Amino acid sequence: MSVNSYLSTLAHTAVIRDTEKESIQRSIVALEGKLSSYFSGEIKYKLVFGSYTRGTILPRAMDEHSDIDYMVVFNDSSYRPQTYLDKLRRFVSIYYSKSEISQSNPTIVLSLNHIKFELVPAIEGWFSGLQIPAKRSDLDDWISTNPNDFNQTLIAVNQSNQNLIKPMLRLVKYWNAKNNYPFPSFELEKRLAERSYFLVGGLLGQASIKSYFFEAMKSLELSWDAPQYKKDALYRAHQLINSAQHYLNQGLDSVAEGEIKKLLPEPSIQRGLIGSILSR
């Protein structure tokens, strides 16, 4: 298997599908029903947003912190954020086990067997638009948001880059998760999706998942005051990619693949998939 084949298979594996996806959909439907029953006319609308809607969320086997962002927009906009967080906490305490519930400012986290849900309260006004709680733990205030505005940007960028941006993002996010998150997940997606890939693959435009992944990883930088573990993880990534490119230039594809496997090891869910591909 070549480096590109390995990365392609890994990116294919990094998609929530089949049983896991069905379980998530059932949980979303159940959550919507319970919210409607409990809050009756208090809720204006509800929506799923974030990486799940963008198709860049990873399976739990590849990122144990994968979660579904779920917004609950209330009709009454006269309270501070903590009031609505308390409302959501009382709701989940009735319908779910206490061991599954926590507050991670500014959300209520519901940890189910197959996935985590981050419940985000929101209000909406004519002039203020949609608002969610500020992330600072010492600030009980609102900030404006447009939860799915990045989705359209990502769709356009992905289509203009041979549909290789989303697979590349899943690979980079897998590396990020394996290394204790040197970068916040959404910041990582946004940074990589909004940069130019004009010369990826060379002047002839012979782009591949390998070339996009290498380009994306080499573009990542950390601030001078970042924690040392983050710097070490990024330095190691750059070294392994440089080493893999060196071996590829010498025609040593299998050695190069070994370097990439050090960077992105096979998750347990992928081993069976790779075996089935090789046996065809």
Side-chain angles (χ1 to χ4, degrees), residues 11 14-17 20-32 34-35 43-74 81 84-85 88-89 91-92 96 100-124 129-137 142-159 165-177 181-194 216:
V15 177
I16 288 181
R17 61 181 82 247
E20 187 172 8
K21 187 171 185 178
E22 291 171 4
S23 296
I24 290 172
Q25 287 300 122
R26 285 196 298 268
S27 292
I28 290 174
V29 171
L31 178 61
E32 289 176 343
K34 291 171 182 176
L35 282 165
I43 294 178
K44 182 179 290 188
Y45 60 89
K46 310 175 287 289
L47 72 140
V48 179
F49 67 104
S51 60
Y52 185 71
T53 63
R54 294 192 294 273
T56 55
I57 189 173
L58 298 180
R60 287 294 294 277
M62 298 180 77
D63 181 1
E64 63 180 14
H65 294 295
S66 282
D67 56 38
I68 306 295
D69 298 302
Y70 192 93
M71 185 176 292
V72 181
V73 185
F74 288 89
Y84 299 98
L85 287 164
L88 290 176
R89 176 179 281 278
F91 157 73
V92 294
Y96 299 94
E100 298 172 326
I101 304 164
S102 63
Q103 180 169 334
S104 176
N105 194 67
T107 67
I108 297 297
V109 180
L110 181 59
S111 300
L112 303 179
N113 289 331
H114 52 279
I115 201 70
K116 290 182 180 179
F117 283 83
E118 292 215 7
L119 306 184
V120 184
I123 57 175
E124 192 173 36
L130 195 61
Q131 294 184 300
I132 60 174
K135 288 187 176 182
R136 282 178 51 192
S137 59
W142 299 103
I143 57 172
S144 297
T145 186
N146 189 342
N148 284 319
D149 61 341
F150 178 57
N151 291 27
Q152 293 305 313
T153 298
L154 181 56
I155 288 172
V157 171
N158 190 53
Q159 290 176 345
I165 297 296
K166 286 188 179 183
M168 174 270 288
L169 287 177
R170 291 194 291 269
L171 292 176
V172 178
K173 288 179 69 174
Y174 177 46
W175 166 82
N176 198 49
Y181 309 94
F183 299 91
S185 184
F186 177 68
E187 175 190 308
L188 188 62
E189 285 194 46
K190 191 170 174 60
R191 179 189 300 194
L192 293 179
E194 293 180 348

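The chain is numbered in sequence order, starting from 1. The structure presented is a predicted model; accordingly, all values stated were derived computationally and were not measured.
- Going from atom CD of Glu189 over to atom OG of Ser51 covers 6.0 Å, rounded to the nearest 0.5 Å.
- To the nearest 0.5 angstrom, Leu169 atom CG is 9.0 Å from Leu171 atom CG.
- A donor-acceptor contact under 3.5 angstrom links the side chains of Thr53 and Asn151, judged on distance only.
- Scored by the side chain to side chain contact (heavy atoms under 4.5 Å, CB included) test, Gln152 finds Ile155 as partners (sequence neighbours excluded).
- For the side-chain contact (heavy atoms from CB on, under 4.5 Å) criterion with Pro121, the lone passing option out of Pro106, Pro81, Pro133 is Pro133.
- For the pair Lys34 and Tyr96, the cation sits on the ring face: its NZ or CZ lies under 6.0 Å from the ring centre, inside 45° of the axis.
- Rounded to the nearest 0.5 angstrom, Ile165 CD1 and Glu194 CD are separated by 11.5 Å.
- Of all heavy-atom pairs spanning Ile68 and Ile57, the tightest one is CD1-CD1, 3.8 Å.
- Across Leu31, Leu47, Val120, a single residue satisfies side-chain contact (heavy atoms from CB on, under 4.5 Å) together with Tyr70, and that is Leu31.
- In this structure, Lys166 contributes its side chain and Arg54 its backbone to a donor-acceptor pair below 3.5 Å.
- Judged purely by atom type and a 3.5 angstrom limit, Thr107 has no side-chain atom pairing as donor or acceptor with the backbone of Leu119.
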What's the verdict on side-chain contact (heavy atoms from CB on, under 4.5 Å) for Val72 and Leu88, showing C-alpha distance, side-chain angles and the deciding distance? CA-CA 9 Å; Val72 181; Leu88 290 176; 4.2 Å; yes
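- Using modelled atom types and a 3.5 Å distance limit, the side chains of Arg26 and Ser23 yield a donor-acceptor pair.
- The main-chain N or O of Gly55 is found under 3.5 Å from a side-chain atom of Arg170 such that the two form a donor-acceptor pair.
- Residue Asp69 holds its CG atom at 9.5 Å from CG of Asn148, rounded to the nearest 0.5 Å.
- Leu192 is listed as a side-chain neighbour of Met168, based on a closest heavy-atom distance under 4.5 Å.
- Separation of atoms CD1 (Ile16) and CD1 (Ile24) is listed at 4.0 Å; rounding is to 0.5 Å.
- Phe150 and Ala193 get closest at one heavy-atom pair: CZ-CB, 3.6 Å.
- In this structure, Lys21 and Tyr52 approach most closely via the heavy-atom pair CG-OH, 4.1 Å.
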side-chain contact (heavy atoms from CB on, under 4.5 Å) for Phe49 and Asp149? Distances and angles first, verdict last. CA-CA 10 Å; Phe49 67 104; Asp149 61 341; over 6 Å; no
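- Under a 4.0 Å N-O distance rule, the pair Glu20/Arg60 does not qualify as a salt bridge.
- Looking at residues two or more places apart in sequence or on another chain, you find a salt bridge (Lys or Arg N to Asp or Glu O under 4.0 Å) between Lys44 and Glu124.
- Between Trp175 and Phe183, the ring planes lie tilted relative to each other; the angle falls in the 30° to 60° range.
- Checked by atom type and distance alone, the side chain of Lys173 pairs as donor or acceptor with a backbone atom of Thr56 at under 3.5 Å.
- For Ala177 against Met62, the heavy-atom pair with the smallest separation is CB-O, 3.8 Å.
- Rounding to the nearest 0.5 Å gives a distance of 9.0 Å between OG of Ser111 and CG of Asp67.
- Heavy-atom neighbours of Lys46 NZ from other residues, nucleotides or ligands within 6.0 Å: above the threshold of 12.
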List the steps and the verdict of side-chain contact (heavy atoms from CB on, under 4.5 Å) for Val73 and Ile43. CA-CA 6 Å; Val73 185; Ile43 294 178; 5.7 Å; no
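- Leu130 approaches Ala122 most closely through the heavy-atom pair CD1-CB, 4.2 Å.
- Residues Ile28 and Phe117 are in side-chain contact: their nearest non-hydrogen atoms beyond the backbone lie under 4.5 Å apart.
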